[in-house]
2 protein chains.
Amino acid sequence: MDKKILFNKCITLLTSVHRVTHELTQNAKSESITPVQYKILEYITVSQPVTPSDISDCQHMSMSNTSRELKKLSEKNLIKKISDTEDRRKQYICLSKDGEALMNEAFAKVELRFLDRIRNASKEDLQEIDRALDILQTKLFY
Amino acid sequence: MDKKILFNKCITLLTSVHRVTHELTQNAKSESITPVQYKILEYITVSQPVTPSDISDCQHMSMSNTSRELKKLSEKNLIKKISDTEDRRKQYICLSKDGEALMNEAFAKVELRFLDRIRNASKEDLQEIDRALDILQTKLFY
DNA sequence: CCTTTTACTTATCATTTGATAATTAATGAT
DNA sequence: ATCATTAATTATCAAATGATAAGTAAAAGG
């Protein structure tokens with residue numbers, strides 16, 4: 001196995017993944033939030049509850065900028081902040097009802113486009129895709 | 001095959017791919033260019049020669065903003081513009097020597113990190129990864 | 001020819017994002 | 001009790017990006 005070839009293949013896939021992600025998500029997000037805010041909400045959606053520090057780490061942004069964006073999301077009533085009862089410096093961020101609704105809507109659009117993308121795949125194709133997703137998730141994109 | 005489960009698995013992989021991409025590429029790019037400029041150079045690298053219109057389409061930015069960024073890249077001597085002899089409205093963009101050097105350096109850093117990531121993979125793992133990349137490339141991220 | 005379309009450019013403005021420093025409040029360590 | 005550390009906030013500034021409008025030059029289509 002030539003690792004150089006594997007590298008190139010991987011780069012090609014990365015490029016394709018980014019292109020397809022854009023196709024799946026374009027116009028999915030509400031216009032009331034910025035791209036960064038959408039990414040934050042997406043992260044909260046799949047990982048809630050999370051702390052501002054978690055968001056800062058995972059989204060690669062400074063605590064100050066994270067705090068600013070969370071404040072804006074809070075002002076738009078898309079998230080709730082809950083203080084930790086043990087360590088009162090900490091906060092837990094969750095989606096509000098509005099936030100959930102907004103993300104459900106966005107995810108529904110993305111799912112529709114995803115289903116359209118695999119529309120013509122056979123049963124065997126789907127199983128191969130499923131298996132390939134597992135392998136890459138565990139062995140490469142862990 | 002439950003397509004809903006497949007969708008969720010796919011979203012999880014997309015998230016992982018974006019995280020890993022960030023890990024592989026962070027600090028790989030020269031500090032003399034902006035993220036958007038790096039993405040443009042990356043696209044030129046794998047697809048050259050390309051026209052400004054190609055870049056505009058594929059990077060999802062307006063022609064005017066594309067033109068501005070290409071001008072900056074040109075001023076930094078990272079790209080060359082070549083006019084089409086047949087249709088003098090058209091241009092072909094290629095990397096300059098400096099541009100190639102800059103991208104080679106960036107790709108080398110990314111490759112090192114990639115190799116480190118698959119350091120502990122067995123021969124069988126690598127073959128599975130290779131096969132999985134092929135499948136996803138052709139059947140999902142086409 | 002004359003008009004329309006295409007490819008690209010320039011200029012300008014608003015918004016978003018990134019970076020930095022200073023501050024508050026709670027906790028941990030000695 | 002004091003000092004250091006942690007978690008988060010606020011304020012401010014600069015830079016990058018996105019959006020829009022107007023303009024140039026070449027080509028294409030009557």
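Note that these values count all heavy atoms, side chains included, but never hydrogens, waters or copies made by symmetry.
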Starting at CD1 of Ile40(B) and ending at C1' of dG18(D), how long is that distance when rounded to a whole Å? 13 Å
With respect to the side chain of Arg88(B), which nucleotide from dT20(C), dT16(C), dA27(D) is positioned closest? dA27(D)
Within this structure, what is the CG-to-P distance between Asp87(A) and dA8(D), rounded to whole angstrom? 8 Å
Nearest-nucleotide pick for Lys72(B), side chain only, options being dT17(D), dA26(C), dA7(D): dT17(D)
His22(B) vs His60(A) aromatic rings, parallel, tilted or perpendicular, using cut-offs 30° and 60°? parallel
Side-chain donor/acceptor of Lys76(A) to backbone N/O of Ser32(A), under 3.5 Å: yes
For Thr66(B) and for Thr85(A), locate the closest nucleotide of DNA chain C by heavy-atom distance; then report the residue assigned to the nucleotide nearer the 5' terminus. Thr66(B)
Reckon Glu86(A) touches a base, only the sugar-phosphate, or nothing at all at heavy-atom distances under 4.0 Å? sugar-phosphate
Return the 5'-most residue of the pair Asn65(A), Tyr92(A) with respect to DNA chain D, ranking by each residue's nearest nucleotide. Tyr92(A)
How many whole angstroms separate atom CD of Gln26(A) from atom P of dG18(D)? 14 Å
Classify Gln59(B) by what it touches in the nucleic acid, base, sugar-phosphate, or nothing, heavy-atom distance under 4.0 Å. nothing
In whole Å, I'd like the distance from the NZ atom of Lys76(B) to the C1' atom of dA16(D). 11 Å
Using a heavy-atom cut-off of under 4.0 Å over every strand shown, decide if Gln91(A) touches base, sugar-phosphate, or nothing. sugar-phosphate
Go through the N and O atoms of the side chain of Arg89(A) and the base of dG28(C), and report whether any donor-acceptor pair is under 3.5 Å. no
With a 3.5 Å distance limit and no angle check, can you tell me whether Asp116(B) reaches the backbone of Arg113(B) through a side-chain donor-acceptor pair? no
Rounded to whole angstroms, how far apart are CG on Asp84(B) and P on dA25(D)? 19 Å
Touch check for Thr51(A), heavy atoms < 4.0 angstrom, all strands: base, sugar-phosphate only, or nothing? sugar-phosphate
Regarding Arg131(A) and Glu128(A), does a basic nitrogen lie under 4.0 Å from an acidic carboxylate oxygen? no
Of the listed nucleotides dA26(C), dT10(D), dA11(C), the one nearest the side chain of Lys71(A): dT10(D)
Base of dT20(D) paired with side chain of Ser62(B) (donor-acceptor, under 3.5 Å): no
Starting at CD of Glu69(B) and ending at P of dT10(C), how long is that distance when rounded to a whole Å? 13 Å
Over how many whole Å does the gap from Met61(B) atom CE to dT15(C) atom P extend? 20 Å
Rounded to the nearest 0.5 Å, what's the gap from CG on Leu24(A) to CG on Leu14(B)? Could you check? 7.0 Å
May I ask you to check if Arg117(B) and Phe141(A) form a cation-pi contact, with NZ or CZ under 6.0 angstrom from the six-membered ring centre and within 45° of the axis? no
Of Arg68(A) and Lys81(A), whose nearest nucleotide on DNA chain D comes first from the 5' end? Lys81(A)
Whether the side chain of Ser67(A) and the base of dT10(D) hold a donor-acceptor pair under 3.5 Å is what I'd like checked. no
Return no unless some side-chain N or O of Thr34(A) is found under 4.0 Å from OP1 or OP2 of dT15(C). no
For the pair made of CE in Met63(A) and C1' in dT24(C), what is the distance, rounded to whole Å? 13 Å
